[in-house]
S.K.: 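Sharing a structure here in structure tokens format.
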Amino acid sequence: MRNRAAIAILALAAAAPGPAPAGSAARWTAYADCAAAYLANARLADPDRPASMTAQVSDVADDYSAAAAKRLRGRRGGSAAASRHAVDARVAEQAKLFGGQPREAVEKVIDACPQLNG
């Protein structure tokens, strides 16, 4: 039963839109998924990671969330609050999925994230 749950989580993660290649115009969902991966990474227990590094990883997650909200608002219009709410919901959903994956899987998603501009 545990294996079925793990397979289902991995299948959902594989089917979810992942980060776009660095050179392409990434969608807001790619930035939100990267925020979720960084957030999940920050939450992973690591006795060798200093608290300052965990804080930095969380800050990067916030940067990706902000970039996702900016892209979403530019694409759909509407209020900044509505865009932020949509991004926060996606990040929370994806972070739960990433939280159940091995560190290597989460780091693979992070490695594929588009670069933030400034």
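If you're wondering where the values come from, they're calculated on a predicted model, not measured in any experiment.
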S.K.: Please give me the minimum heavy-atom distance between Ala32 and Val91, naming the atom from each residue.
M.R.: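 Minimum heavy-atom separation between Ala32 and Val91: O-CG2, 3.5 Å.
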
S.K.: Listing request: all ring-ring contact (aromatic ring centres under 6.0 Å, His included) pairs with a residue in residues 68-96, at least two apart in sequence or in separate chains.
M.R.: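 Listed by first then second residue: nothing to list.
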
S.K.: Could you check Phe98 against Asn41 for side-chain contact (heavy atoms from CB on, under 4.5 Å), going step by step and ending with a plain yes or no?
M.R.: CA-CA 8 Å; Phe98 291 137; Asn41 185 289; over 6 Å; no

S.K.: State, to 0.1 Å, how close Ala35 and Ala61 come at their nearest heavy-atom pair, and which atoms those are.
M.R.: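 Shortest heavy-atom contact: CB-O, 3.3 Å.
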
S.K.: Give every residue pair that meets the salt bridge (charged side-chain N to carboxylate O under 4.0 Å, His left out) criterion with at least one member in residues 55-70, sequence neighbours excluded.
M.R.: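 Residue pairs with at least one partner in residues 55-70: there are none.
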
S.K.: Any chance you could lay out the side-chain contact (heavy atoms from CB on, under 4.5 Å) test for Arg73 and Trp28, step after step, and finish with the verdict?
M.R.: CA-CA 9 Å; Arg73 186 170 186 210; Trp28 74 270; over 6 Å; no

S.K.: Tell me, with the steps shown, if Arg49 and Val57 meet side-chain contact (heavy atoms from CB on, under 4.5 Å).
M.R.: CA-CA 11 Å; Arg49 186 187 313 194; Val57 173; 4.0 Å; yes

S.K.: Measuring from atom CZ of Arg71 to atom CZ of Arg76, what distance do you get when rounded to the nearest 0.5 angstrom?
M.R.: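 One finds 14.0 Å between CZ of Arg71 and CZ of Arg76.
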
S.K.: Working to the nearest 0.5 Å, report the span between CD of Gln56 and OG1 of Thr54.
M.R.: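 If we round to the nearest 0.5 Å, Gln56:CD and Thr54:OG1 are 9.0 Å apart.
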
S.K.: Side chains of Val109 and Asp33: does their closest heavy-atom pair fall under 4.5 Å?
M.R.: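 The answer is no; the side chains never approach within 4.5 Å.
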
S.K.: Which heavy-atom pair separates Ser83 from Ala69 by the least distance, and what is that distance?
M.R.: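 For Ser83 versus Ala69, the nearest heavy atoms are CB-O, 3.6 Å.
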
S.K.: Please tell me if the side chains of Leu39 and Tyr64 come closer than 4.5 Å, counting only heavy atoms from C-beta onward.
M.R.: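 Result no, sub-4.5 Å side-chain heavy-atom pair not found.
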
S.K.: Might you work through the side-chain contact (heavy atoms from CB on, under 4.5 Å) test for Ser65 and Arg84, ending with a clear yes or no?
M.R.: CA-CA 8 Å; Ser65 287; Arg84 189 72 200 180; 3.4 Å; yes

S.K.: Could you tell me if the side chain of Ser58 sits less than 4.5 Å from the side chain of Tyr38, heavy atoms only?
M.R.: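 Sidechains of Ser58 and Tyr38: no contact.
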
S.K.: Under 6.0 Å from the CZ atom of Arg103, do we count more than 12 heavy atoms belonging to anything else shown?
M.R.: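 Yes, because the 6.0 Å sphere around CZ of Arg103 holds more than 12 heavy atoms from other groups.
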
